[in-house]
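Here the structure is laid out as structure tokens; the discussion comes afterwards.
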Amino acid sequence: MTAVVYYSFTGNSRKKAEEFAKASGSDLIEITMKKPYGKLSSFLKGCPKAIARKSVPINIGGDIKKYDSFTVFMPVWAGHPAPPFNSLLEALPKGSSVELYLCSGGGETTTSEKTKAFCESFDIKLNGYKDIKA
């Protein structure tokens with residue numbers, strides 16, 4: 001069973017995740033930060049954490065333990081998935097299958113190989129990786 005999981009700062013990742021979940025008939029699960037960033041703090045605190053692949057405390061709006069496959073939509077900050085992605089990897093069941101969609105204004109990242117390796121370090125099977133312009 002597959003769930004569509006997303007974190008969205010500006011609404012772009014949410015929109016893409018909702019469209020995908022509706023088209024695929026998948027359950028939709030939202031991730032929120034326990035201490036949300038504002039515009040300035042997302043740049044001053046969030047971008048350095050994204051680059052360093054650091055986690056932040058998150059809330060997961062559903063029981064991810066009942067799924068073994070995930071389609072994940074995340075924004076890109078400073079060329080890397082936003083910090084809630086790092087936290088999600090820690091929370092996903094080991095051996096999970098993940099298809100990753102990274103949403104950015106530019107439509108591409110330069111860190112795809114490092115992101116793939118990072119996923120694998122959590123015993124996550126990355127079945128797909130796509131940069132999308134949002």
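Because the structure is a prediction, the values reported are computed rather than measured.
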Looking at [atom1] of [X] and [atom2] of [Y], how far apart are the two atoms once the value is rounded to the nearest 0.5 Å?
X: Tyr6; Y: Asn12; atom1: OH; atom2: CG; result: 12.5 Å
X: Phe85; Y: Ser55; atom1: CZ; atom2: OG; result: 10.5 Å
X: Ile60; Y: Tyr7; atom1: CD1; atom2: OH; result: 14.0 Å
X: Lys114; Y: His80; atom1: NZ; atom2: NE2; result: 6.5 Å
X: Lys16; Y: Thr71; atom1: NZ; atom2: OG1; result: 15.0 Å
X: Ile58; Y: Met33; atom1: CD1; atom2: CE; result: 9.5 Å

Nearest heavy-atom pair of [X] and [Y]: which atoms, and what distance?
X: Trp77; Y: Ala50; answer: O-CB, 3.7 Å
X: Pro84; Y: Val56; answer: N-CG2, 3.9 Å
X: Ser13; Y: Met74; answer: OG-C, 3.5 Å
X: Ile64; Y: Pro93; answer: O-CG, 3.8 Å
X: Tyr129; Y: Leu126; answer: CD1-CD2, 4.3 Å
X: Gly46; Y: Tyr37; answer: CA-CE1, 3.6 Å

Check: [X] side chain, [Y] main-chain N or O, donor-acceptor pair, under 3.5 Å:
X: Asn127; Y: Ser97; value: no
X: Ser96; Y: Leu92; value: no
X: Asp131; Y: Ser104; value: no

Qualifying salt bridge (Lys or Arg N to Asp or Glu O under 4.0 Å) pairs, either residue in residues 20-48, two or more places apart: Arg14-Glu30
In residues 117-125, what donor-acceptor pairs under 3.5 Å come from side-chain atoms, sequence neighbours left out?
{"residue": "Ser121", "atom": "OG", "partner": "Phe118", "partner atom": "O", "Å": "2.6"}

With sequence neighbours left out, what residues match Tyr67 under ring pair (Phe, Tyr, Trp, His ring centres under 6.0 Å)?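 Result, ring pair (Phe, Tyr, Trp, His ring centres under 6.0 Å) vs Tyr67: none returned.
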Taking C-beta and beyond as the side chain, do [X] and [Y] meet within less than 4.5 Å on heavy atoms?
X: Val5; Y: Ile31; result: yes
X: Leu28; Y: Glu18; result: yes
X: Thr2; Y: Glu99; result: no

Considering residues, nucleotides and ligands other than Lys116, do more than 12 of their heavy atoms fall under 6.0 Å from its NZ? yes
When clusters are formed by joining ILVMFWY residues with side-chain heavy atoms under 4.5 Å apart, either directly or through shared neighbours, do Leu40 and Phe9 land in the same one? no
